[in-house]
Amino acid sequence: MTSLVGRTEAELAQWLQAGFGAVLGEEVAGKLAVRVTPATDPAFGDFQCNDAMALAKVAKKPPRAIAEAVCRAQPLPPSLAKVEVAGPGFINLTLQPAWLARQVVEQGARPRCGIPQAGGGKTVVLDYSSPNVAKPMHIGHIRSTIIGNTLDRLYRALGYRVIADNHLGDWGTQFGIIIKGFRAFVDQQKLAESPVEELERIYVKSYEQTKSDPAWLDGCRQELVKLQQGDPENLALWKQFVELSREEFNRIYQRLDVAFDRYHGESYYNDKLAGVVRQLEEAGLAKESEGATVVFLEEEGLPVCIVRKKDGGFNYATSDLATVQSRVAEFQPDRIVYVTDERQQDHFKQFFAISRKLGITTRLDHVWFGLMRLPEGTFSTRQGNVIKLDKMLDEAEARALAIIREQSPEMPEAAQRELAQAVGIGAVKYADLSHDLRTMIVFSWDRALAMDGNSGPYLQYAHARICSLLDKYAAQFPGEDIAAGELLLNDPAERQVALQILQFPVAVARAAEIYKPSVLAEYLYALSQAYSSFYQRLSVLKAESMAQRRSRARLCDLVAGVLREGLGLLAIRAPRRI
RNA sequence: GCGCCUGUAGCUCAAUUGGAUAGAGCAUCAGACUACGGAUCUGAGGGUUGCAGGUUCAACUCCUGCCAGGCGCGCCA
């Protein structure tokens, strides 16, 4: 997919492929889809191809000679100014400046800065965030929400039909514990003031008691069974818990600019669980073992998977199976993607394996990320060492507000506060999204809320400076349409910015394809760096000629467009003033 | 014990999935036209990529074995 996205890369690759065909014969050259990538160093040119080395093995000829022959086999295409061979057989390509300029301008004119419509309307179901009801969202929950939401935006932008489904943990053993605890411990006043906090207190207290009091534990199990059998009182309590939690979740989602297409929690599939187990038994997949019903997965090298507990209750594997069947039937998706932390890898392997056995052919992907933890260890509601998500967002906004008050004292208070939201939340999101998913994050306030260097605010700052510059341009040169003249790329700094702009569609497609928002985050940072260097080195408003002023203003405008679009995909706002 | 993951500059992380001299940020040091916004930019120092082998034109990347850490391993999700 990626190789087709960069139009420039695709065009150059096609030319080279023909060259390899002419030199080595179509049969040999056809063994490899020639790839063109951006040059690793501007000194080498704009793009490079390393495939002469790879094909040298097949062709049994020296790579350097092949590369040289390929370069001479055909006349240069209009896109190229220069082709050179270096080292063992690197083919270095340098573009015609005018041609590069035209690509950049054309890309800028396309919708969404040239993001390819690779999805073709295919459906992707995205399962992310999925917090547990009756527990507050803490900073351990933010990764699934932010990463999932970025994947959501990426796939939508690429032309997929995305179903963002928040698979709430609204049905499970914890409700036995909470209902039993609620009856015994609830403080109605606290419940009214801060519902989820009170539910959490009840949960922790009741859970504690299960450890020392077997009768209590048994009572919790019974409450759960009653709930699962439709007991009206327990059902009413449960509904109350869910509604209170939903309200709190929605408040946080609003702060984060996250929205779902649906909230089908585990409870939604409750009446299908028995059927799933029956189906597994009929297919000879599930067996009785130690009083429970289980699926053995020895052939897959996986541990045994319990689908019905000995008390008759079902657990998450069964629920996930019912869910996937329902989603496949309803949406016929091209794929279903689950975003969770790393601890669930085995579960998803088991669940995917059983799904296959049940005849589900839909592509199922588990996108997992490293745990967020404190220096002292992992978070746990039970241990009470959590940092609430709300509190972190408050702190982020407070820090941003302090900087804004210092930098822009003339700005009205209300505007400062609104800006602080955009900047503070942007900083939090970027801090997370710019890292590889798999790395474990040890939480630190200063790291999560960094506002200089490689950070969200850096990108916002770059964007705001461009907006301000373009305003000045419009005021100083009324009637001088930036889109009128030619885009001039004579200086290396201008050239680097242009080349970066061209990489935007590639970065977007790649980030989505390999489920790595960090690819896009890093791209945006590289673009901003290239822009900042250009900005510092060359004057726009005081350039020598009107043509040059116009051209540079236009380049700025193109960068701003990409930044806006890219930040939007990361769900980070791009204010005109910061 | 078995499985998954991680180990890169003092710290936090990259490295286009096997390519050229391993790059950024923070921190440190030295600079930037009386500045198109200094939340910025330019430069310097800082590395045996955990260790030891192997594969090849080329290894942070792939294979093997160790060492260290994180997570998981039948009725929690």
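Keep in mind that what you see is a predicted model, and the values were worked out from it rather than measured. In what follows, chains carry the letters A, B, and so on, assigned in the order in which the sequence lines appear, proteins first and then strands, with residues in each chain numbered from 1.
Annotation: B/C41 and B/A27 have their P atoms spaced 13 Å apart (nearest Å). One P atom belongs to B/C11, the other to B/A58, and the distance between them is 32 Å to the nearest Å. Distance noted for atom C1' between B/C29 and B/G10: 15 Å (whole Å). Taking atom P on both nucleotides, B/C5 is separated from B/G18 by 16 Å, rounded to a whole Å. Using atom P as the reference point in both B/A44 and B/A59, the two lie 27 Å apart (nearest Å). A distance of about 12 Å separates the C1' atoms of B/U17 and B/C60, rounded to the whole Å. Between the P atoms of B/A14 and B/U6, the separation comes to 10 Å (whole Å). B/U12 and B/A30 are spaced 24 Å apart, taking the C1' atom of each and rounding to whole Å.
Listed nucleotides B/A39, B/A77, B/A20 differ in distance to A/Gln344; the shortest reach to its side chain belongs to B/A77. Side-chain proximity of A/Asp452 to B/C71, B/U40, B/U17: nearest is B/U40. Comparing B/G74, B/A20, B/G70 by their nearest atom to the side chain of A/Glu290 picks out B/G74. Nearest to the side chain of A/Leu371, among B/C71, B/G74, B/U12, sits B/C71. Checking B/U56, B/A39, B/C36 against every side-chain atom of A/Val423, the shortest atom distance belongs to B/A39. The side chain of A/Asp346 sits closest to B/G72 out of B/G38, B/A77, B/G72. When distances are taken from the side chain of A/Gln407 to each of B/C36, B/A20, B/A39, the shortest belongs to B/A39. When distances run from any side-chain atom of A/Leu469 to the nucleotides B/U17, B/G74, B/C36, the shortest one goes to B/C36. Nearest to the side chain of A/Arg373, among B/A39, B/U56, B/C71, sits B/C71. Checking B/C13, B/C57, B/G25 against every side-chain atom of A/Pro88, the shortest atom distance belongs to B/C57.
A tilted orientation is assigned to the rings of A/Tyr338 and A/Phe352, their planes being inclined by 30° to 60°. Ring geometry for A/His138 versus A/His141: interplanar angle of 30 to 60°, hence tilted. A/Trp238 and A/Phe175 have perpendicular rings, their planes meeting at more than 60° on a 0 to 90° scale where under 30° would count as parallel. By the 30° and 60° cut-offs, the orientation of the rings of A/His264 relative to A/Tyr268 is parallel.
Atom OH of A/Tyr461 and atom P of B/A39 are 4 Å apart (whole Å). Distance, A/Met53 CE to B/G18 P: 14 Å, rounded to whole Å. We find that CZ of A/Arg438 is positioned 23 Å from P of B/G69, with the value rounded to whole Å. Whole-Å rounding puts the A/Met451 CE to B/G38 C1' distance at 18 Å. Rounded to a whole Å, the CG atom of A/Leu538 is 13 Å from the P atom of B/C36. The distance between atom CG of A/Leu520 and atom P of B/A14, rounded to the nearest whole Å, is 16 Å. What separates CD of A/Gln529 from C1' of B/A14 is a distance of 11 Å, to the nearest Å. Taking atom CZ of A/Arg343 as the reference point, atom C1' of B/G3 lies 17 Å away to the nearest angstrom.
The side chain of A/Thr173 places an N or O atom within less than 4.0 Å of a non-bridging phosphate oxygen (OP1 or OP2) of B/C76. A sub-4.0 Å separation between OP1 or OP2 of B/G37 and a side-chain N or O of A/Lys472 is present. Residue A/Ser533 places no side-chain N or O under 4.0 Å from the OP1 or OP2 atom of B/C41. Using a 4.0 Å cut-off, no side-chain N or O of A/Gln345 falls inside it from OP1 or OP2 of B/G72. The side chain of A/Tyr458 places an N or O atom within less than 4.0 Å of a non-bridging phosphate oxygen (OP1 or OP2) of B/C41.
Within the 4.0 angstrom heavy-atom criterion, base atoms lie near A/Arg577. Across all strands, A/Thr40 comes closer than 4.0 Å to base atoms (heavy-atom distances). Residue contacts shown for A/Gln476 are absent, as no nucleic acid heavy atom lies under 4.0 Å away. Residue contacts for A/Leu470: at a heavy-atom cut-off of 4.0 Å it reaches no nucleic acid atom on any strand shown. Residue contacts for A/Leu302: at a heavy-atom cut-off of 4.0 Å it reaches no nucleic acid atom on any strand shown. When heavy atoms are screened at a 4.0 angstrom cut-off, A/Asp170 is found touching no nucleic acid atom at all. In this structure, A/Ala450 reaches neither bases nor backbone, as no heavy-atom distance under 4.0 Å exists between it and the strands shown. Using a 4.0 Å heavy-atom criterion, one finds that A/Lys310 contacts the bases of the nucleic acid, with or without backbone contacts as well.
We find that A/Arg35 and A/Asp51 are not joined by a salt bridge, their nearest charged nitrogen and carboxylate oxygen being 4.0 Å or further apart. A salt bridge does not link A/Glu342 with A/Arg438: every distance from a Lys NZ or Arg NE/NH1/NH2 to an Asp or Glu carboxylate oxygen is 4.0 Å or more. Ion pairing between a basic and an acidic side chain is recognised when a charged N comes within 4.0 Å of a carboxylate O; A/Lys180 and A/Asp218 show no such pairing. With respect to the salt-bridge test (charged N to carboxylate O, under 4.0 angstrom), the residues A/Arg537 and A/Glu494 do not qualify. One finds a salt bridge joining A/Arg399 and A/Asp446 here, because a Lys/Arg side-chain nitrogen approaches an Asp/Glu carboxylate oxygen to under 4.0 Å.
Under 3.5 Å, the side chains of A/Trp216 and A/Ser206 contain a donor-acceptor pair of N or O atoms. Residues A/Trp368 and A/Asp341 have side chains that never bring a donor and an acceptor to within less than 3.5 angstrom of each other. Looking only at atom types and distance, the side chain of A/Asp127 has a donor-acceptor partner in the side chain of A/Ser130 under 3.5 Å away.
Judged by distance alone with a 3.5 Å cut-off, no donor-acceptor contact links the side chain of A/Asn50 to the base of B/A58. At a cut-off of 3.5 angstrom, the base of B/A15 holds no donor-acceptor pair with the side chain of A/Glu522.
RNA chain B is contacted by both A/Gly169 and A/Pro38; A/Pro38 maps to the nucleotide lying nearer its 5′ end (nearest heavy atom per residue). For A/Ile91 and A/Asn132, each mapped to the nucleotide of RNA chain B holding its nearest heavy atom, the one lying further toward the 5' end belongs to A/Ile91.
Seen from the ring of A/Phe296, A/Lys287 does not count as a face-on cation partner, given the 6.0 Å and 45° thresholds. Within the cation-pi definition used here (under 6.0 Å to the ring centroid, within 45° of the axis), A/Arg549 does not qualify as a partner of A/Tyr473.
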Pairing pattern in dot-bracket form [Watson-Crick, G-U; both distances under 3.5 Å; | = partner strand] for RNA chain B
(((((((..((((.....[...)))).(((((.......))))).....(((((..]....))))))))))))....
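The side-chain ring of A/Tyr535 is not stacked on the base of B/U40, judged by centre separation under 5.5 angstrom and plane angle under 30 degrees. Where stacking is scored as ring centres under 5.5 Å apart with planes under 30°, A/Phe90 registers as stacked on the base of B/A20.
The stretch residues 313-322 of chain A touches RNA chain B through A/Asn315, A/Tyr316, each having a heavy atom under 4.0 angstrom from the strand.
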